[in-house]
Amino acid sequence: QVQLVESGGGLVQAGGSLRLSCVASGRTFARYAMGWFRQAPGKEREFVAAIRWTGGTNYYADSVKGRFTISRDNAKNTVYLQMSNLKPEDTAVYSCAAQVNFRPISTTTQAAYDYWGQGTQVTVSS
């Protein structure tokens, strides 16, 4: 199995930046993709960003494109989400997810992932 632990959340003013980290442990071999999702109170969990472990095109939700950047450090088994120009509507619990068992499902969908972290709270004040 894979364990995912997010960190880096907190309180930030609108226009500020945060960098989230997600460290994977356990079964780290053959992780095909990692994703970030978020869920605000009373709302559905939504896709934020995704990256393939071996490289390639990264994917972003339209709402964060140009402001958020997903990256990885294979040696550290870590994926990052750099968030800039944060807005109050970015307030949510951010969770990382790992696809371990390959399946031909878009990495922008929750169903593509096998493991989830506990989430880290991001609060953006206006």
Side-chain angles (χ1 to χ4, degrees):
Q1 64 178 33
V2 173
Q3 297 82 45
L4 305 173
V5 179
E6 304 97 330
S7 62
L11 176 65
V12 64
Q13 294 183 5
S17 300
L18 285 173
R19 189 192 193 196
L20 306 183
S21 299
C22 175
V23 179
S25 62
R27 182 186 168 188
T28 58
F29 182 76
R31 294 194 304 274
Y32 298 102
M34 298 287 291
W36 284 98
F37 293 78
R38 67 186 183 186
Q39 185 170 26
K43 296 184 179 180
E44 300 284 340
R45 185 163 59 186
E46 65 178 357
F47 168 75
V48 176
I51 187 170
R52 292 184 172 86
W53 203 247
T54 56
T57 303
N58 299 336
Y59 299 93
Y60 299 94
D62 289 342
S63 59
V64 307
K65 189 175 183 179
R67 300 188 297 119
F68 291 11
T69 301
I70 189 170
S71 62
R72 70 190 191 281
D73 186 330
N74 290 13
K76 296 181 178 180
N77 294 309
T78 301
V79 63
Y80 305 95
L81 184 68
Q82 177 66 50
M83 307 184 295
S84 300
N85 191 25
L86 284 161
K87 304 175 180 179
E89 50 263 45
D90 294 318
T91 296
V93 174
Y94 285 71
S95 300
C96 67
Q99 183 186 78
V100 173
N101 300 308
F102 175 80
R103 49 194 179 275
I105 300 174
S106 172
T107 53
T108 65
T109 66
Q110 297 177 58
Y113 298 93
D114 302 292
Y115 298 95
W116 295 80
Q118 82 287 352
T120 184
Q121 177 71 47
V122 172
T123 302
V124 184
S125 62
S126 60

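Residue numbers count from 1 along this sequence. As the structure is a prediction and not an experimental result, all values here were calculated from the model.
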Below 4.5 Å, heavy atoms only, C-beta onward: do [X] and [Y] meet side chain to side chain?
| X | Y | value |
| --- | --- | --- |
| F47 | Y59 | yes |
| R72 | M34 | no |
| Y60 | R67 | no |

* To do: Identify the residue among I70, D90, L81 that makes a side-chain contact (heavy atoms from CB on, under 4.5 Å) with V48.
  =>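 Of the listed residues I70, D90, L81, the side-chain contact (heavy atoms from CB on, under 4.5 Å) partner of V48 is L81.
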* Criterion side-chain contact (heavy atoms from CB on, under 4.5 Å) against Y94, the qualifying member of Q121, M83, E6 ->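 So the option named by the test is M83.
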Nearest atoms (heavy-atom pairs only) where [X] meets [Y]:
| X | Y | result |
| --- | --- | --- |
| R38 | S63 | NH2-OG, 3.5 Å |
| V79 | I51 | CG2-CG2, 3.9 Å |
| V5 | Q118 | CA-OE1, 3.6 Å |
| F37 | T107 | CZ-O, 4.3 Å |
| P88 | S126 | CG-CB, 3.8 Å |
| D114 | N101 | OD2-N, 2.8 Å |

* **Q99 side-chain N/O to A112 backbone N/O, donor-acceptor pair under 3.5 Å** =>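 Flag set: sc Q99 to bb A112 pair under 3.5 Å.
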* To do: Spell out, as yes or no, whether a donor-acceptor pair under 3.5 Å connects the side chain of T91 to the backbone of V124.
  =>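 Side chain of T91 to backbone of V124, a donor-acceptor pair under 3.5 Å: yes, one is there.
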* To do: Working to the nearest 0.5 Å, report the span between CD of Q1 and OG of S25.
  =>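 Going from the CD atom of Q1 to the OG atom of S25 covers 8.5 Å.
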Let me check something: do [X] and [Y] share a hydrophobic cluster, defined by ILVMFWY side-chain heavy atoms less than 4.5 Å apart, either directly or through other members?
| X | Y | result |
| --- | --- | --- |
| F68 | V93 | no |
| V64 | Y80 | no |
| L4 | V23 | no |

